[in-house]
There are 2 protein chains.
Amino acid sequence: MDDAATTNGGSDPISAASPIGTDGPTGTDASEHRPPVPGLLPAEVRGGRAQPKTDKSEQTRALILETAMRLFQERGYEKTTMRAIAAEAGVSVGNAYYYFEKKEFLIQGFYDRMTYEHAADARIRMAGTTDFAERLEIALTSWIDCAAEYHEFAAQFFRTAADPTSSLSPFSSESHPARKTAVELFGETLSGSELAPKLDAELAELLPDLLWLHLMIVVLYWVFDRTPDTERTREFVRRSTPMAARIINLSRFRVFRPIVRDAKGLIQDFILPTIGRTTK
Amino acid sequence: MDDAATTNGGSDPISAASPIGTDGPTGTDASEHRPPVPGLLPAEVRGGRAQPKTDKSEQTRALILETAMRLFQERGYEKTTMRAIAAEAGVSVGNAYYYFEKKEFLIQGFYDRMTYEHAADARIRMAGTTDFAERLEIALTSWIDCAAEYHEFAAQFFRTAADPTSSLSPFSSESHPARKTAVELFGETLSGSELAPKLDAELAELLPDLLWLHLMIVVLYWVFDRTPDTERTREFVRRSTPMAARIINLSRFRVFRPIVRDAKGLIQDFILPTIGRTTK
DNA sequence: CCGTCCACTTGAACGCGTTCGAAACTATCT
DNA sequence: AGATAGTTTCGAACGCGTTCAAGTGGACGG
């Protein structure tokens, strides 16, 4: 009896905006419609139960989520019990489960928050830089910095994310706004560089998702990284970004055409559909 | 207090990995659980507690593992309770935990068995074929076939494998014999092809591990694949293997030198050490 | 002012993974 | 045979995630 799908009303309050690739604005992106504090946004309403009907309801939900996030950080995920969260928030366990179907779903709060913090931070940091490799390195390093405080229980999160039956997976979840935000950031990483105009349009459309995959690899590396300040992952980023830039740059030349064509086909047919992107 | 490490005597001395005996045709009963080679412990011993001291001990261990694997396949991982395993095996729960530290560790049995079955099956299938792309496709398709029966609860296994704190992870576990076996298979996949003599020796040394990573990507794809008979993954293999072969083939040419050099450095410095391989 | 509906809240109870102290069994020595 | 030490087995008990039947309280219609 999998009630995971049935209990949720199925309606997602976030309506999809225009596809990523169709935007042709080379100038100011103006995608900064995101309020600065995402902690209490309806964006985090996802992953729970039905939509809130009351103000008080939403407050309770936010209270539980905030409390959970604080305790997770203080004690780690496993050692934070649902009873402790409920007690600390001053509600009952059942109430917590009224808003969050499973303990897992409380992690979503972290994921969302980090994604938005990362996007904002990276945009600021890469402003003024036009070299693509540098921009990419900034974007990835920014992620590592934003994620630093959560490294301790990242394992748990990653575990959850790797479960295809869980809607928290960055791969399988359809209409995951956080992923969309991240992909958009990489779109800007590319479009704001001097490399962008030189590229084949078709390839340029795929690249944001590919760069997001690059981030996923970095995340994988980061999760397993046990060096202080995840220095090894940072070094990995410093080494891999110039190479990625070079590969993309070389893709323009004739010798590489066949490979690039193959790769594009593979990505379009097998990778993007899997991660929930429907390229028409 | 994490007693997970302290309860275990420290290092579990794994002597060697031997292929799991081709199990009897029908009766999976514990009737032939005595290894003919005295100094060689079965591969299944890994992941549990201390080494068995008695013959009877080893029998009990095997009985529990066999029972667990059967129930996992019948009911799935989550729905198979430790109590059920113990009851079905005719032992107590405590006894099961005497041999297997956590329920997770019972999964290891699957992993080992599948790895050896795969290696054997792939070797048979690719005998007589010298085209590298074909050999690679055979190796990967063989894996999908061997893994087919476990697809249902593969999610759970993958979840566990993605946890860096778990010793079951194919990445972080040092001295994982199953991984070694798989890498060796890919070594033969390459060395048995007409491509092998043409390659740079240094690159040829890296390739088995890289091909294993290719398999890991296929596994990732497979876990999320919901199509019947994981047809989509099979198609993915058919498409990706010729491309991999072409890339490897092209790596010989001068134009690609710089990229190949970069890639080699990156892999040698960052990928292989992480997956427990120390290339000198 | 009462009844009805419904979002919200409660906490006891259930199932399962895991632990632990003690019993049972085996091997070895006196 | 008895004593001793080590190994294996047992099952009750614990903690935690999760469920569920039973409330509570406010809004609204009559």
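Within every chain, numbering begins at 1; the chains are lettered A, B, ... in the order of the sequence lines, protein sequences first and strands thereafter. Computed from a prediction, not measured in an experiment: that's the story for all the values here.
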Asks: Roughly, in whole Å, what's the span from CD1 in A/I85 to P in D/dG17?
Replies: 8 Å

Asks: Can you check the A/R61 CZ to C/dA7 P distance for me, whole Å?
Replies: 15 Å

Asks: For A/T233 and A/D225, which I'm curious about, is there any donor-acceptor pair between the side chains at under 3.5 Å?
Replies: yes

Asks: How many Å lie between OH on B/Y77 and C1' on C/dC16, as a whole number?
Replies: 12 Å

Asks: What is the separation between atom CD on B/E78 and atom P on C/dG15, rounded to the nearest whole Å?
Replies: 17 Å

Asks: Out of B/W222, B/F110, B/Y111, which one pairs with B/Y150 under the ring-ring contact (aromatic ring centres under 6.0 Å, His included) rule?
Replies: B/F110

Asks: Is it true that a side-chain atom of A/H118 and a backbone atom of A/A139 form a donor plus acceptor pair closer than 3.5 Å?
Replies: yes

Asks: Please list each protein N or O that sits under 3.5 Å from an N or O in nucleotides 10-13 of chain D, with the distance.
Replies:
unit_1 : atom_1 : unit_2 : atom_2 : d
D/dC10 : OP2    : B/S92  : N      : 2.9
D/dC10 : OP2    : B/S92  : OG     : 3.4
D/dC10 : OP2    : B/N95  : ND2    : 3.4
D/dA13 : N6     : B/R83  : NH2    : 3.4

Asks: Do the side chains of A/R234 and A/D145 get close enough for a salt bridge, i.e. N-O under 4.0 angstrom?
Replies: yes

Asks: Can you check the B/Y97 OH to C/dT18 P distance for me, whole Å?
Replies: 4 Å

Asks: According to a strict under-4.0 Å criterion, is B/T60 in side-chain N/O contact with OP1 or OP2 of D/dT8?
Replies: no

Asks: Rounding to an integer number of Å, can you tell me how far B/D55 CG sits from D/dT7 P?
Replies: 15 Å

Asks: Does a side-chain N or O from A/Y98 land closer than 4.0 Å to OP1 or OP2 of D/dT19, or not?
Replies: no

Asks: Tell me the interatomic distance from A/E101, atom CD, to D/dT19, atom P, rounded to whole angstroms.
Replies: 8 Å

Asks: Mark yes or no for whether A/T80, through its side chain, and A/R75, through its backbone, hold a donor-acceptor pair below 3.5 Å.
Replies: no

Asks: Phosphate oxygens OP1/OP2 of D/dT7: is one of them under 4.0 Å from a side-chain N or O of B/S57?
Replies: no

Asks: In terms of side-chain heavy atoms of A/T81, which of C/dC8, C/dT18, D/dG17 is nearest?
Replies: D/dG17

Asks: Rounded off to whole Å, could you give me the CE-to-P distance for the A/M82 and C/dG11 pair?
Replies: 15 Å

Asks: Where do A/K103 and A/E78 come nearest, in terms of heavy atoms and distance?
Replies: NZ-O, 3.9 Å

Asks: Is the shortest distance from a Lys or Arg side-chain nitrogen in A/R70 or A/E66 to a carboxylate oxygen in the other one below 4.0 Å?
Replies: no

